[in-house]
Amino acid sequence: MTLLTTWPEAGPETVVRRTSDPAEIAAALAPIGVRYEQWPVREDVPAGAGGDTVLAAYRTEIDKLNAEEGFRTVDVVALHPPADGADPEWPVKAAAARRKFLAEHTHDDDDEVRFFVAGAGIFYLHAAGEVHAVYCEKGDLLGVPRGTTHWFDMGTSPAFTAIRFFHEEDGWIGNFTGSPIADRFPDFDAIHAGYAGRAGHAGTAA
C-alpha cells in the first residue's frame with residue numbers, strides 16, 4: 001500500500017496531506033504531471049527473481065505502457081540485503097547506492113518511470129511550492145516528468161526490485177540542483193518506521 005505525505009516546501013512542520021487511498025494519490029499528483037497507478041501484483045514472482053523472470057511476468061503491462069509512452073529501453077534494478085550477512089561489503093555498497101539518488105536533482109532528457117515489483121522506496125517530488133513523499137511498494141508505478149525536481153531514498157538497508165523505463169538509451173542521467181532541501185524532510189527510515197501505524201488511516205490532514 002502506498003502512502004503519500006505532502007508538506008510545504010519550507011519544511012515538514014505542517015502536513016498538508018497524508019493518504020493511502022490510490023485514487024486520492026493519483027488525483028493529488030496529477031496537477032504536477034506525475035503518473036501514479038497500480039498494476040496487478042504477480043505473487044509467484046519472488047523478491048529475488050532475476051531480470052528476465054520479472055520482465056516476462058509483467059510483459060503484458062510493459063508492452064501496454066511502451067505502446068502508450070514510446071519507451072525504448074526497459075530494465076530491472078534490484079537491491080536486497082544478502083542472506084545471513086554473506087557479503088561483508090554490503091553496508092558500504094548499500095550506502096553508496098543510496099547516496100547516488102538522495103540529493104535533489106532533475107532529468108532534462110527523460111522521464112523517470114518506475115514500477116515496484118518488490119520492496120519499497122520513497123520518491124520525494126518538489127513542485128509547485130510543496131514536497132510530496134510517495135512511499136511506493138510492490139504494485140505501484142510512478143512516472144516523474146522530465147524537469148521535475150525530486151530525489152529518491154531507499155533507506156539505510158535497501159530492499160526493492162523495480163522495472164525502469166527509458167525513452168533515451170543513455171539511461172539514468174541526473175542533474176543535481178545543489179539544494180540541501182532533502183536534509184529538511186523525514187527520510188525513508190523515519191517514514192518507514194511509522195508506516196505501519198499510519199497506512200491504515202487514509203484521508204487528508206490539514
Side-chain angles (χ1 to χ4, degrees), residues 1-5 12 38-39 41-58 62 73-107 110 112-126 131-144 150-166 169-199:
M1 186 183 297
T2 313
L3 178 68
L4 170 65
T5 308
Q38 293 182 320
W39 288 359
V41 174
R42 305 286 187 260
E43 297 292 356
D44 57 338
V45 179
D52 290 343
T53 299
V54 170
L55 294 175
Y58 289 94
I62 290 170
T73 302
V74 180
D75 67 12
V76 175
V77 61
L79 280 170
H80 294 276
D84 302 322
D87 182 1
E89 297 299 318
W90 167 252
V92 175
K93 295 175 182 177
R98 183 190 190 201
R99 190 164 52 247
K100 179 178 179 181
F101 307 105
L102 199 52
E104 185 184 66
H105 60 276
T106 64
H107 303 291
D110 211 342
E112 184 157 359
V113 181
R114 303 289 182 267
F115 170 70
F116 283 79
V117 176
I122 300 179
F123 277 93
Y124 294 80
L125 314 170
H126 180 198
V131 170
H132 307 271
V134 191
Y135 183 106
C136 296
E137 290 191 319
K138 65 180 182 180
D140 292 326
L141 180 134
L142 195 72
V144 181
H150 66 284
W151 65 95
F152 176 74
D153 191 4
M154 60 186 76
T156 53
S157 185
F160 71 92
T161 299
I163 300 174
R164 307 188 300 178
F165 296 82
F166 299 100
E169 294 182 355
D170 292 339
W172 193 94
I173 300 176
N175 300 303
F176 292 89
T177 67
S179 170
I181 187 172
D183 297 336
R184 300 204 302 265
F185 290 86
D187 64 7
F188 176 92
D189 291 347
I191 291 177
H192 181 75
Y195 175 68
R198 292 197 295 248

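Computed from a predicted model, the values in this text were never measured in an experiment. Nothing fancy with the numbering, it's 1 onward along the sequence.
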**OP:** Just jot down the side chain to side chain contact (heavy atoms under 4.5 Å, CB included) partners of A159, sequence neighbours excluded, or say none.
**Re:** H80, P81

Subject >> Set of salt bridge (Lys or Arg N to Asp or Glu O under 4.0 Å) partners for D153, sequence neighbours left out >> reply: R98

Original post:
So how far is it from T2 OG1 to F116 CZ, rounded to the nearest 0.5 Å?
Top reply: 9.5 Å

**OP:** Applying side-chain contact (heavy atoms from CB on, under 4.5 Å), run through R114 and F152 and close with a yes or a no.
**Re:** CA-CA 11 Å; R114 303 289 182 267; F152 176 74; over 6 Å; no

Subject >> salt bridge (Lys or Arg N to Asp or Glu O under 4.0 Å) partners for D75, two or more places apart >> reply: R164

Subject >> Candidate pair H150 and H126, rule side-chain hydrogen bond (donor to acceptor under 3.5 Å, both in side chains), full reasoning >> reply: CA-CA 5 Å; H150 66 284; H126 180 198; over 6 Å; no

**OP:** State, to 0.1 Å, how close A103 and W151 come at their nearest heavy-atom pair, and which atoms those are.
**Re:** O-CB, 3.6 Å

**OP:** With the side chain counted from C-beta on, respond yes when K100 and H105 share a heavy-atom pair under 4.5 Å apart, and no when they do not.
**Re:** no

Original post:
Taking only residues two or more places apart in sequence, or in another chain, which ones meet H132 in a side-chain hydrogen bond (donor to acceptor under 3.5 Å, both in side chains)?
Top reply: T6

**OP:** State the CZ-CG distance between F115 and L142, to the nearest 0.5 angstrom.
**Re:** 12.0 Å

Subject >> Minimum side-chain heavy-atom gap R184-V131 below 4.5 Å >> reply: no

Original post:
Who pairs with P91 by side chain to side chain contact (heavy atoms under 4.5 Å, CB included), at least two apart in sequence or on another chain?
Top reply: none

Original post:
For F188, what residues pass the ring pair (Phe, Tyr, Trp, His ring centres under 6.0 Å) criterion, not counting sequence neighbours?
Top reply: Y135, H192

Subject >> Partner residues of E137 under the side-chain hydrogen bond (donor to acceptor under 3.5 Å, both in side chains) criterion, sequence neighbours left out >> reply: Y195

**OP:** State the CD1-CD1 distance between I62 and I163, to the nearest 0.5 angstrom.
**Re:** 4.0 Å

**OP:** Quick one: closest heavy-atom pair of A133 and I122, and the distance?
**Re:** CB-CG2, 4.0 Å

Subject >> salt bridge (Lys or Arg N to Asp or Glu O under 4.0 Å) involving E89 - partner list, sequence neighbours excluded >> reply: none

Original post:
How far apart are the closest heavy atoms of L79 and A97, and which atoms are they?
Top reply: CD1-CB, 3.7 Å

Subject >> Residues that Y124 engages under side-chain hydrogen bond (donor to acceptor under 3.5 Å, both in side chains), provided they are two or more places apart >> reply: none

Under 3.5 Å donor-acceptor pairs involving side-chain atoms of residues 47-58, not counting sequence neighbours:
{"unit_1": "Y58", "atom_1": "OH", "unit_2": "R42", "atom_2": "N", "d": "3.0"}

Original post:
Of the non-hydrogen atoms in P158 and W90, which two are nearest, and what is the gap between them?
Top reply: O-CZ2, 3.6 Å

Original post:
How would you list, by chain and number, every residue that makes a side-chain hydrogen bond (donor to acceptor under 3.5 Å, both in side chains) with W39, sequence neighbours excluded?
Top reply: E37

